[in-house]
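All figures in this text were calculated on a predicted structure; none of them were measured in a lab.
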Amino acid sequence: MRHHHHHHHHGTEKISADLKNIYIIVIVLIALYIAFEAWMGFRHNALTLVSDAGHKLIDVFSLSLTLITFWLSTTKARKNYTWGFRKLSVIISLFNAVLVVIVAVTIIWESIEKVIEPGDLAPDGGAISITAAVGFVVNCIAAFLLSLKRSHDVNTMGQFIHTLTDALVYVGMVISGFIIKWTGLAVIDPVISILIALFVLFNIWSVLKESFRMSIDGVPSSVHVGELLDQVRAVPGVREVSDLHIWPVSTVENALSATLVLDDSADRTAVTDTVKAVIKTCGIENSFLETR
Ligand SMILES: [Zn+2]
């Protein structure tokens with residue numbers, strides 16, 4: 001029986017100072033907008049604005065997480081943390097997703113109460129439109145900055161698309177502000193607020209599912225076990241694969257361990273090297289193989 005251990009690589013390429021700076025600028029820009037939006041929301045009794053401030057707060061968490069993940073994915077091994085702190089990116093992701101659900105559900109609850117029992121203070125439609133217009137501009141700037149580096153990695157592409165989608169949400173908010181101003185229908189405010197919260201819940205569901213799965217060492221959705229097994233079994237000399245384990249090391253890096261049952265005539269080193277190369281093309285950087 002022989003063991004092949006290969007030294008693991010870092011999951012991501014070195015991240016450029018440019019990309020880091022773009023994330024920092026976008027995070028600061030949106031954080032400033034959140035402060036403005038929440039202040040306007042409470043001042044003008046507009047649930048739509050409070051609800052969206054909650055939504056953007058989550059976006060800032062998610063942008064920060066992406067930035068932190070770039071850094072965590074290159075942390076070095078140490079005596080009692082042999083994988084570095086890479087897995088922390090998964091835990092942060094799960095925490096973030098749970099937080100989003102709590103905030104969204106709270107907002108929906110508050111909004112329903114407002115629909116059933118509207119207060120004496122009517123929301124200011126004009127304030128909603130003006131604030132949302134500022135939000136539209138802020139998101140367009142953020143989307144433009146992210147678009148400069150959107151081909152860097154899947155996270156940045158996702159953030160770019162998300163920011164564009166949010167810009168559209170602001171167009172809708174500007175319009176609903178005008179409708180509230182013209183018609184005086186206060187109920188539009190909590191209804192829009194519920195729609196925003198539902199939109200957020202819809203967007204976070206896949207993140208929640210994936211980060212939960214990754215936190216209990218399930219196979220990340222980027223890895224297709226069936227295809228991987230087919231490809232490994234197709235390597236000449238491999239008779240069977242057993243004791244297969246696939247788990248995430250961080251949100252951007254995976255590991256695999258397995259026992260390969262080889263043909264008696266097979267060159268163990270050559271077959272193992274080929275299998276490792278095949279596994280790498282399936283998105284798994286670290287493989288630990290035992291041959292039999
Ligand atoms: Zn968003």
message: Check for me, please, whether Phe199 and Leu168 land in the same ILVMFWY cluster - side-chain distances under 4.5 Å, paths through other members count.
response: no
statement: One should read off an interatomic distance between Ile107 CD1 and Ile194 CD1, to the nearest 0.5 angstrom, of 11.0 Å
- request: With rounding to the nearest 0.5 Å, note down the distance linking CG in Leu148 to CD1 in Ile22.
  value: 5.0 Å
- prompt: Do Leu19 and Tyr23 touch side chain to side chain, with heavy atoms closer than 4.5 Å?
  reply: yes
- request: Keeping the roles fixed (side chain from Thr75, backbone from Phe85), state whether a donor-acceptor pair exists under 3.5 Å.
  value: yes
- prompt: Does a donor on one side chain and an acceptor on the other come within less than 3.5 Å for Ser257 and Glu290?
  reply: no
field: Contact check, side chains of Glu285 and Val249, non-hydrogen atoms, under 4.5 Å
entry: no
query: Would you call Asp59 and His162 a side-chain contact if the rule is heavy atoms closer than 4.5 Å?
result: yes
message: Over 60° means perpendicular and under 30° means parallel, so tell me whether Trp247 and Phe288 are parallel, tilted or perpendicular.
response: parallel
- prompt: Mind checking who shares a hydrophobic cluster with Val90, ILVMFWY linked at side-chain heavy-atom distances under 4.5 Å?
  reply: Met214
- prompt: Do Trp109 and Ile112 share a hydrophobic cluster, counting only Ile, Leu, Val, Met, Phe, Trp and Tyr and linking them when any side-chain heavy atoms are less than 4.5 Å apart?
  reply: no
task: Spell out, as yes or no, whether a donor-acceptor pair under 3.5 Å connects the side chain of Lys87 to the backbone of Pro248.
output: yes
task: Return the minimal non-hydrogen interatomic distance between Leu94 and Leu208, and the atom names on each side.
output: CD1-O, 4.3 Å
- prompt: Looking at OG1 of Thr259 and NE2 of His245, how far apart are the two atoms once the value is rounded to the nearest 0.5 Å?
  reply: 8.5 Å
message: Do Leu198 and Val103 sit in one hydrophobic cluster, given that two such residues count as connected whenever their side-chain heavy atoms are within less than 4.5 Å of each other, even indirectly?
response: yes
- prompt: What distance do Ile92 atom CD1 and Leu99 atom CG have between them, rounded to the nearest 0.5 Å?
  reply: 12.5 Å
query: Can you get from Val101 to Phe202 by hopping between Ile, Leu, Val, Met, Phe, Trp and Tyr side chains that sit under 4.5 Å apart?
result: no
message: Determine whether Ile108 and Leu201 satisfy the following criterion, side-chain contact (heavy atoms from CB on, under 4.5 Å), listing intermediate values before the conclusion.
response: CA-CA 10 Å; Ile108 291 172; Leu201 276 181; 3.9 Å; yes
Show me the side-chain donor-acceptor pairs of residues 124-141 shorter than 3.5 Å, one per line, residues at least two apart or across chains.
unit_1, atom_1, unit_2, atom_2, d
Asp124, OD1, Gly126, N, 2.9
Asp124, OD1, Ala127, N, 3.1
Asp124, OD2, His44, ND1, 3.3
Ser129, OG, Gly125, O, 3.4
Ser129, OG, Val174, O, 2.8
Ser129, OG, Phe178, N, 3.2
Thr131, OG1, Ala127, O, 2.6
Asn139, OD1, Lys56, NZ, 3.1
Asn139, ND2, Gly135, O, 3.1

task: Could you tell me whether the side chain of Ile192 reaches within less than 4.5 Å of the side chain of Leu47, counting heavy atoms only?
output: no
query: Heavy-atom distance under 4.5 Å between the side chains of Arg268 and Leu260, does that happen here?
result: no
field: Closest heavy-atom pair and its distance - Ile179, Thr183
entry: O-OG1, 2.6 Å
message: With side-chain contact (heavy atoms from CB on, under 4.5 Å) as the criterion, how do Glu37 and Asp52 come out once you've worked through the C-alpha distance, each side chain's angles and the decisive distance to 0.1 Å?
response: CA-CA 8 Å; Glu37 188 178 34; Asp52 187 67; 2.6 Å; yes
field: Among Val223, Ile284, Asn254, Asn286, side-chain contact (heavy atoms from CB on, under 4.5 Å) partner for Ile279
entry: Ile284
task: Indicate the atoms forming the closest heavy-atom contact of Ser62 with Gln159, along with that distance.
output: OG-NE2, 3.0 Å
Any Leu67 side-chain heavy atom under 4.5 Å of Ile24 side chain: yes
From Thr274, Val278, Val271, residue fulfilling side-chain contact (heavy atoms from CB on, under 4.5 Å) relative to Val238: Val271
query: Hey, does the side chain of Ser64 reach the backbone of Val60 with a donor-acceptor pair shorter than 3.5 angstrom?
result: yes
- request: Indicate, with yes or no, if Val50 and Ile58 share a hydrophobic cluster defined by side-chain heavy-atom contacts under 4.5 Å among Ile, Leu, Val, Met, Phe, Trp and Tyr.
  value: no
query: If you take all heavy atoms of Pro190 and Lys114, which pair is closest and at what distance?
result: CB-CB, 4.0 Å
statement: dist Ser89:OG -> Ile68:CD1 (nearest 0.5 Å) comes out at 10.0 Å
- request: Inspect the surroundings of CZ in Arg43 and state if more than 12 heavy atoms from other residues, nucleotides or ligands are less than 6.0 Å away.
  value: no
Distance (rounded to the nearest 0.5 Å) between Thr48 OG1 and Ile188 CD1: 9.5 Å
statement: Note: Ala143 and Leu164 closest approach over all heavy atoms is CB-CD2, 4.1 Å
message: Would you say that Thr281 contacts Gln231 through its side chain, given a criterion of any heavy-atom pair below 4.5 Å between the two side chains?
response: yes
- prompt: Where do Leu262 and Arg239 come nearest, in terms of heavy atoms and distance?
  reply: O-NH2, 3.5 Å
task: Would you indicate whether the side-chain heavy atoms of Leu256 and Lys280 approach each other to under 4.5 Å?
output: no
query: Is there a donor-acceptor contact under 3.5 Å from the side chain of Arg213 to the main chain of Val219?
result: yes
